[in-house]
Trainee: 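Supplied in structure tokens, the structure appears directly below.
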Amino acid sequence: MLKEGTYHLVVANPPYQGTGKMASTSYVECHYPLGKADLYAAFLLRGLEMATAGGLSSMLTMRSWMFIKQHSGARSLLVDKNSLLYLADLSWGAFREMKDNPVTISIFSRRSPGQGCIAISPSDPIARSRTLEEYSIKRSGLLCQETRFDFSPPDLKIVPEWPLVYWWDKSLQALYASTPLVGDVAPAAKGICTSDDERYLLRPWESHFDSSKVTKLSSPWQPSIHGAKDEIWIEPMRLILRWSRNGLENKVMHEAQWGSHSKRVQNQHLYFKCGVAFSMIGANLSARAHRFPSIFGDKGSSIFPQDLASAVCAMNSTRARKILESLNPSISFQVGDVNRLPLFTIAGAKQIYLKLEGAFTQHESHREASVEYIHPGPSPWRHAQEWAQQAVDRPEGTPLPDYTEELDPEPPTDHLSFALGVALGRFAPVDEQGQPTTSNPAGILDPASADLSHALPAGILFLDGSLAESDQRDDLGHPAAASLHQAWARHGAAISSNRTLRDWLRLDFFKDVHKGMYENRPIHWPLSSSGKTFVAWVNIHRMDDRTLKVLLADHLIPARSRIDGELDDLRQVRDSEDRKAAREADSSIGKLSRWREELQEFISAVEQCADHGAPPTDGRCPAREQDAVYAPDLDDGVMINSAALWSLLEPQWKDPKKWWMELASAQGKKDYDWAHLAMRYWPSRVDEKCQNDPSLAVAHGCFWRYHPERAWAWELRLQKEIGPDFRIEEAPYRPGGRDLGDQGDAPHRQAWLAEHPKEALAAVEKEATRRMGRGDNRQVVNEMRLLEPGLWSLIPEEVAAMEQRLSDRQGVLFSLRAPDEAEGRATTGEQTEQGGLFAAPLPSDEGSPMMGREAENTPC
């Protein structure tokens, strides 16, 4: 019935079905390979096959075939081999029932392509409106043929992949053709895909992260750029990535899952270079310059131009945004779309960027969650961004608009938050001019090296709600709390006119200020009794395995003794003959007794967490395998460490209870057995997983014990990437504190080399071959050096044969150096070359962002 080349008119509304969701795609892939991205694209091609010469094919389809890369082949065939006559581009909101399906009506003629085409677009072709009002506008506009565009499809070939941006006029087409594209100047690149953000990404404040050690090998965490909702112009340091030993843990995980890590850890040669990241999700393009040399993620894809200021200004211009939205009018941008973006010249780009950078520096110094924070203050950032947008969008040839600084005042709660941070030892105290008042520099303090004599002991602020307002026998009476009293005297009335300082800190500060400020990963935790009468604020950066013991000994038990003493006194009054005093005493006894009961429950909960671990959340929650003292490890992040104190945090913060349930259950994507606390409380479960998952073995320091072959291969590779003396060193492995007689990495390495010398040699040959590279990346490798003896002395003939194979491969002599080289060569009748080759330094490595030297830690 359906014969090719037969029909004068073919009309269809084909199914919109991505072939990835089809049970079988073999027919489509075989007969319509250019339409395999979506079934409707195959129908577009099939419709023209069925039309006779000069016949018409008209279809109502999704509009994405006109723009996106997936359909570039089909688009080229449709437009280059046939004649596109008409388009009715209805875009979003064309149907009452299917507002989220952007569609178009196309009419093709099966004949040689003509020069002219008519497009009707009843609304803005790059708008994304889905309202019923928009539906009515589209309906009437289509009937009246409103907003007509006459265009020539061949003219649009100036844009790579030939998107049908029919609304571009001749002047825009000429400008696009004459402007260099991102892909020609600084091609966009995707970065790392962690595949487990909870495991590998933290906010900078969650760990002992030192921003002064950015990009230094000594830091296990590095700045990382990922997606950024509503961020524009400059990228603050919002995330840090677990990158110990050049990302070994993450790379081993990908290697175990996919056979190689390189498809997930992409473009590593660009890490720690300053670039411009761009948004990939959302309706509008926004570009932001890297503030710090960083690793960038797949959702933090970036370009790396020589002139950052010009690039970030050009990409944030309204004209650039509209062009990119034209090239891909979907809900996300891809690297290929950005590569097609023209880098327009913005006059005065350097001055614009310098003004932005100065305003941003001031803003970050007053934003408490920033690594650049110093103290509270007003921010010029909002107004500076508005000015910059006007500047990049100003008419060509006009001067920069005048810039007058406008400051947004900080909320009064910022001052109380800062004062609490000072009291707990997080921040250095400053005077009214922002100058340090102690030997510490202004800003965030490292508790390991800072002078904390101004702060509360052990980083604990204990608040006793059973005390009268004027009674400061809790920590509000400590000299270190003076900053809190001063801030409350100045700002308390504006914050809460009906609260005292003690009550506001106990009841409101966490939920109203702190939790949101730190994106539900707070640095100060309110350990609380059930009724929040007794609250102990602790700073996570000063917490250790003694903190809960100090809380008990120095605060909770003394408070209980005080209440017990007051109860004894009141009972004596109640038993006296003074009836009025007895009645008052009896009333007070009831209140104090309830507080004492609440306090005793709190003490018991603290003792439970301190000595044994958190209790199960309910009957469905697996119990701990073993008891263990609570010992936080900030490399686990706030989520894991707070989970182990869920019963103390639940009165004010519900999430840790959920996280403990997930930690205890270890199911699917909520499996956190990479965490140190998981090993602490469930050692057998985690140890068993380490034996099967080499990335977990890396995380828990048993890589050499359970996966020596992979450890050897990675050690060789990292000797190239990090340094020739690098070893994967591991302390004696004691899961959950159990002594297994393990002595660390050295015996495991030595035993594996002795027992598997041929496998070890095969890994050496593979690594040497990798270093030699292929194609344009091919290079000569004269030698490799082993730190360990064994191969030359155990299998000298095999080593010599390998040297010969690699020498033949590159046409240049290759030598394997090792401490036992001379012994092995003597066995084979060879002699070691003179000159102390084993002791000679290696040439400095180049190519890797972490090779041969530590990168400077200056901001971009």
Trainee: Taking atom types as modelled, find out whether Asn250 and Trp243 have a side-chain donor-acceptor pair closer than 3.5 angstrom.
Mentor: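 Checked: Asn250/Trp243 side chains show no N/O donor-acceptor pair below 3.5 Å.
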
Trainee: Could you please spell out the steps behind the side chain to side chain donor-acceptor pair (under 3.5 Å) verdict for Arg291 and Thr361?
Mentor: CA-CA 10 Å; Arg291 178 70 164 175; Thr361 297; 2.9 Å; yes

Trainee: Answer yes or no: are there more than 12 heavy-atom neighbours, outside Lys515 itself, under 6.0 Å from its atom NZ?
Mentor: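 Yes - once you tally the heavy atoms of other residues, nucleotides and ligands closer than 6.0 Å, there are more than 12.
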
Trainee: With a 4.5 Å cut-off on side-chain heavy atoms, are Ile303 and Met315 touching?
Mentor: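 Yes, at least one pair of side-chain atoms sits under 4.5 Å.
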
Trainee: In chain order, what residues pass the ring-ring contact (aromatic ring centres under 6.0 Å, His included) check against Phe296, with sequence neighbours excluded?
Mentor: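 In terms of ring-ring contact (aromatic ring centres under 6.0 Å, His included), with neighbours along the sequence ignored, Phe296 is linked to Tyr271, Phe304.
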
Trainee: Does the pair Phe360 and Trp233 meet the rule for a ring-ring contact (aromatic ring centres under 6.0 Å, His included), with working shown?
Mentor: CA-CA 9 Å; Phe360 188 75; Trp233 301 107; over 10 Å; no

Trainee: Would you say the side chains of Ser370 and Glu364 form a donor-acceptor pair under 3.5 Å?
Mentor: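 On atom types as modelled, these side chains qualify, holding a pair under 3.5 Å.
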
Trainee: Run the ring-ring contact (aromatic ring centres under 6.0 Å, His included) test against Trp537 and tell me which residues pass, sequence neighbours left out.
Mentor: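 Residues passing ring-ring contact (aromatic ring centres under 6.0 Å, His included) with Trp537: Phe509.
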
Trainee: Are the side chain of Arg394 and the backbone of Ala391 linked by a donor-acceptor contact shorter than 3.5 Å?
Mentor: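 Yes, the answer is positive, given that a donor and an acceptor are paired below the 3.5 Å cut-off.
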
Trainee: Can you name the closest pair of heavy atoms from Ile352 and Ala388 and give their distance?
Mentor: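 Answer, listing the atom of Ile352 first, then Ala388: CG2-CB, 4.0 Å.
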
Trainee: Given the rule in the salt bridge (Lys or Arg N to Asp or Glu O under 4.0 Å) test, do Glu662 and Lys658 qualify, once you have shown the distances and angles that lead to the verdict?
Mentor: CA-CA 6 Å; Glu662 293 169 351; Lys658 174 189 69 176; 5.1 Å; no

Trainee: Just to verify, what does Arg319 make a side-chain contact (heavy atoms from CB on, under 4.5 Å) with, not counting sequence neighbours?
Mentor: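 Per chain and number, Arg319 pairs via side-chain contact (heavy atoms from CB on, under 4.5 Å) with Leu175, Ser317, Ile323, Phe344.
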
Trainee: Less than 4.0 Å between a side-chain N and a carboxylate O, is that true for Arg199 and Glu249?
Mentor: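 A salt bridge links Glu249 with Arg199.
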
Trainee: Quick one: closest heavy-atom pair of Ser302 and His290, and the distance?
Mentor: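 Distance-wise, the nearest heavy atoms are OG-NE2, 3.0 Å.
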
Trainee: Look at the side chain of Arg203 and the backbone N and O of Pro522, then say whether any donor-acceptor pair between them is shorter than 3.5 Å.
Mentor: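 Judged by distance alone, no pair lies under 3.5 Å.
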
Trainee: Can you give each donor-acceptor pair under 3.5 Å made by side-chain atoms of residues 412-421, sequence neighbours left out, with the distance rounded to 0.1 Å?
Mentor:
unit_1	atom_1	unit_2	atom_2	d
His415	NE2	Glu410	OE2	2.7
Ser417	OG	Glu368	OE1	2.6
Ser417	OG	Glu368	OE2	3.1

Trainee: If only atom types and distance count, is the side chain of Asn339 paired as donor or acceptor with the main-chain N or O of Leu181 below 3.5 Å?
Mentor: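 Checking the backbone N and O of Leu181 against the side chain of Asn339, no donor-acceptor pair under 3.5 Å is found.
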
Trainee: Distance-only, no hydrogens or angles: does the His383 side chain make a donor-acceptor pair with backbone N or O of Asp408 under 3.5 Å?
Mentor: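 No; judged by distance alone, with no hydrogens or angles, the pair does not exist.
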
Trainee: By ring-ring contact (aromatic ring centres under 6.0 Å, His included), which residues pair with Tyr176, not counting sequence neighbours?
Mentor: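 Tyr176 satisfies ring-ring contact (aromatic ring centres under 6.0 Å, His included) with Trp168 only.
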
Trainee: Would you please name every residue forming a ring-ring contact (aromatic ring centres under 6.0 Å, His included) with Tyr672, sequence neighbours left out?
Mentor: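 Residues passing ring-ring contact (aromatic ring centres under 6.0 Å, His included) with Tyr672: none at all.
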
Trainee: Out of curiosity, Leu327 CG to Ile68 CD1, how far, rounded to the nearest 0.5 Å?
Mentor: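 Taking CG in Leu327 and CD1 in Ile68, the distance rounds to 12.5 Å.
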
